[in-house]
Amino acid sequence: MNEEKPQIPEVFLSPYDPTKHEQEIYKLWEESGFFNPDNCVKSGVAAADADTYCIIMPPPNANGRLHAGHGTDMTLKDILIRFNRMQGKRTLFLPGADHAGFETQGVFEKKLQKEGRSRFGMERDELYNEIYEFVMDNKGTMETDLRSLGVSCDWSRNTFTLQPGVVERVQKTFVKMYEDGLIYRGKRCIHWNPKFKTSLSDIETTFEDRTEKFYYFQYGPFVIGTARPETKFSDKYIVVHPDDPRYAQYKHLQEFEVEWINGPIRATLLKDEVADMEKGTGAMTITPWHSQVDFELAQKYDLPLEQIIDWDGKLLPVAEEFAGKKIDVARPLIVEKLKEKGLLVEIDDKYTHAVRLCERTGVVVEPQVKDQWFVKMDSLAKMTLDALDAKEFKILTNRHEKIFRHWMENPQDWNISRQIVWGMQIPAWFKDDEIKVQLDSPGEGWEQDPDTFDTWFSSGQWPLVTLGYPEKEDFAIYYPTNVMETGADLVFKWVPRMLMFGLYLTKRVPFKDVYFHGMVLDKHGKKMSKSKGNVLSPIDLGDQFGTDATRMAFVVANPPGADMPLSEDKVRAYKKFSNKVWNITRFILTSCHDFDPVTKVSLSQYDKEVLSKLDEVVKDVTKDIDSYKMYLAAEDIYHYIWHELADKVLEESKEVINGSDTEAKAARQQVLMTCLTTSLKLLHPFMPFVTETIWQELPENMKDAELLMVAPWPKGN
RNA sequence: GACCGAUUAGCUCAGCUGGUAGAGCGCUACAUUGACAUUGUAGAGGUCACAAGUUCAAGUCUUGUAUCGGUCACCA
């Protein structure tokens, strides 16, 4: 009995155990140097003049672990990369990490809080250096996570947003844009986060519907409505619509003596179309310092600006007896006072409106007027839309193209100043009323703007800085990159900025295709969140079921643009599949151990059918990946291996293999070996670890490459 | 309010340019010390949200209705 037991590698005698192999395999890949396309060329894996294929990794935040979103993100890209690398292209997956300015500083401030410290009162350099160390520690963890996901990126080109060359490049862009008139400094009404004390751009804020009290007050002959009485202390202008019949008897610019919160004031009527006749009484007063709409109106009529609420969210001396109070404390007191004065007309307590919040911290945003740097968006947006119309780049999902167009057609100027330390300092210098924009100090007495850039200002230039625009060879070789594959939530935040900077600086788009994936949800289709306790970490899933199984779960049934529910069951199913592949190998190796390569084989009809089925799968999988249908390719290869190769071909072959017809046997052996090696190749981009582990155990005469990672992709006949 | 999407088996979803429905998980029965119990075979289960229309023929195209979801806008 024992004599008959064929000699196959011992490792196949027990089920596949991912934890035993994954780290070792990644090390094997990394040490081979083939993540770096230069080495592929040197060793002949890729021809020196082969096509290039490049993806720039959306840099994960340096301050944290990878989450389920990264799981999809990295898996889809790594599939494309591995597929193209096996096709002999000069393939570059360029990794990096983002300093994630505001978000990281927020995380760090929480840490300070725990230690009973605060960033206020710390020296700029001291704070920066502490955050830097904190981030560098975490950055290493994040990179370990990337490795454990099997991401085949070129670590020799790893880039961090705050490294010197990158900072200088971003600052140079700022200077150039300033000189070209695309950046201006201006006093504008911006979104202010009073807790973290920084301004925010539109896209860093969200709305939340809240039901709050809406007050009607007597204001001279008018009744005005407001949800925010605390801003109204020095409102001196009433606005009504010019066509509003209720106010026809009053004239534009007519003045009134009005009894108000802290005594009489002189008010002026403005008739302007911004007033909405339908809303409330159709009459409103304006507070230009604390409302965007009012601010614009104030600009139009050249009205004075007065700050009512300070940078901490407390009332200023103009509020007299209420000065120094936080707005939520002051509001009821002010209403009470107006009521006592007989000026309160009505309270509507079913008023629902959207309150603007800081997206990251949930803090209610206070509009404030502040000197900030802005990017003029209209011409940049137009340039981008023109490129889209000219098909210089494609958005693969229609839906997102529509959303993208809609947004780009109505661009708002972009506030790029942030009052935080963790970021790239803006290269602008102040001396009295003078401003100079340049990298180095203009000399004695000049102070650099303490503000830093919005994170998206630097990450918008990511494809350029990582490839070393303008002078590095990489830029000449790999720009424009092939595809930007990223989360649909970045349709406004990141993607348009990269396109605008790319087009502005190089006249060329930074990538040809844009692939948006959806959000990873829990198994009931709900958002994953720590508070709900339904978070699945790709790293934990990998530890439990194997990285390959995790990767498959992230890609199957995950078409572009749609959200995807994920459950442990799904991952478990693909763990079974890893083992299935493992056992198929065991069976085939056992069946083929006595294969005599010199035997002249003549294929039976069935053999030919088997090979032609295999061919079909090769074509399907290749075509699907080429057209970004990784979700279908993964199912195709899964289905083929399990339900065709294992269930049918192997079952059919048992008789021939154990039979006495040596010619038929040899033919079948050869067919089986081809099926195995081809299947491993097709599956490799999706399940790199188990396929490479198996490949390393195959006898030399079955392989056409040392490493499966750089084995030639099978061609259909 | 504006725009967009979804509605197909118990659950989560595929179904490209129209020809009487598929996968995974789950469920039921049976089998199996034989590559693999991380298995195999067989099976139950759907008037493809509703209504009308185009067509020889409609989950598949058009229009409308309902329900759910998303994004943008709205702090008088």
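Naming convention: chains lettered A, B, ... in sequence-line order (proteins, then strands); numbering from 1 in each chain.
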Residues in salt bridge (Lys or Arg N to Asp or Glu O under 4.0 Å) contact with A/K325, at least two apart in sequence or another chain: none
Residue matched to B/A35 through Watson-Crick or wobble contacts both under 3.5 angstrom: none
Interatomic distance, A/H400 NE2 vs B/C3 P [rounded to whole Å]: 18 Å
Nucleotide opposite B/C75 in a Watson-Crick or G-U pair, distances under 3.5 Å: none
For B/G53, the Watson-Crick or wobble partner whose two distances fall under 3.5 Å: B/C61
Complement of B/C30, any strand, by Watson-Crick or G-U distances under 3.5 angstrom: B/G40
A/K232 side chain vs A/T285 backbone, donor-acceptor pair below 3.5 Å: yes
Nearest-0.5 Å distance that lies between atom CH2 in A/W192 and atom CG in A/L200: 9.0 Å
Please list every donor-acceptor pair under 3.5 Å in which a side-chain atom of residues 643-650 of chain A meets a protein atom from a residue at least two apart or in another chain.
unit_1 : atom_1 : unit_2 : atom_2 : d
A/H643 : ND1    : A/D647 : OD2    : 3.0

A/S591 side chain vs A/F587 backbone, donor-acceptor pair below 3.5 Å: yes
Could you list, one pair per line, each protein nitrogen or oxygen that sits under 3.5 Å from a nitrogen or oxygen of nucleotides 22-25 of chain B, together with the distance?
none

Donor-acceptor pair between A/Q670 and A/D607 side chains, under 3.5 angstrom: no
Distance between C1' atoms of B/U47 and B/U8 (Å, rounded): 12 Å
side-chain contact (heavy atoms from CB on, under 4.5 Å) partners for A/T268, two or more places apart: A/Y237, A/L253, A/E255
Tabulate atom names and distances for all N/O pairs under 3.5 angstrom spanning the protein and nucleotides 73-76 of chain B.
unit_1 : atom_1 : unit_2 : atom_2 : d
B/C74  : O2'    : A/K279 : NZ     : 3.4
B/C75  : N4     : A/V365 : O      : 3.4
B/A76  : OP1    : A/A227 : N      : 3.2
B/A76  : OP2    : A/Y351 : OH     : 2.6
B/A76  : O3'    : A/G225 : O      : 2.4
B/A76  : O3'    : A/T226 : N      : 3.0
B/A76  : O2'    : A/G225 : O      : 2.1
B/A76  : N6     : A/D276 : N      : 3.1
B/A76  : N1     : A/D276 : N      : 2.7
B/A76  : N1     : A/D276 : O      : 3.4

Residue matched to B/U17 through Watson-Crick or wobble contacts both under 3.5 angstrom: none
Pair A/F686 and A/Y638, ring centroids less than 6.0 Å apart: no
Residue list, salt bridge (Lys or Arg N to Asp or Glu O under 4.0 Å) with A/D543, at least two apart or on another chain: none
Whole-angstrom distance between B/C25 and B/G64, as gauged at atom C1': 37 Å
Distances under 3.5 Å between protein N/O atoms and the N/O atoms of nucleotides 44-46 of chain B, please, pair by pair.
none

Which residues share a side-chain hydrogen bond (donor to acceptor under 3.5 Å, both in side chains) with A/R572, sequence neighbours left out: A/D569
Given RNA chain B, 5'-ward residue of the pair A/T206 and A/K580, judged by closest heavy atom: A/K580
Any A/K629 side-chain nitrogen or oxygen under 4.0 Å from OP1 or OP2 of B/G15: no
Partner nucleotide, any strand, of B/C11 [Watson-Crick/G-U, under 3.5 Å]: B/G24
Spatial distance of atom CD (A/E409) from atom CG (A/D378) [nearest 0.5 Å]: 13.5 Å
Any pair counted as salt bridge (Lys or Arg N to Asp or Glu O under 4.0 Å), so long as it reaches residues 621-640 of chain A, sequence neighbours left out: none
Those residues of residues 644-652 of chain A lying under 4.0 Å from RNA chain B by at least one heavy atom: A/A646, A/D647, A/L650, A/E651
ring-ring contact (aromatic ring centres under 6.0 Å, His included) partners of A/Y215, counting only residues at least two apart: A/F217
Those residues that, when tested against A/K370, pass salt bridge (Lys or Arg N to Asp or Glu O under 4.0 Å) (two or more places apart): none
Residue closer to the 5' end of RNA chain B, A/T205 versus A/Y631 (nearest nucleotide): A/Y631
Identified pairing partner of B/U67, criterion: Watson-Crick or G-U wobble below 3.5 Å: B/A6
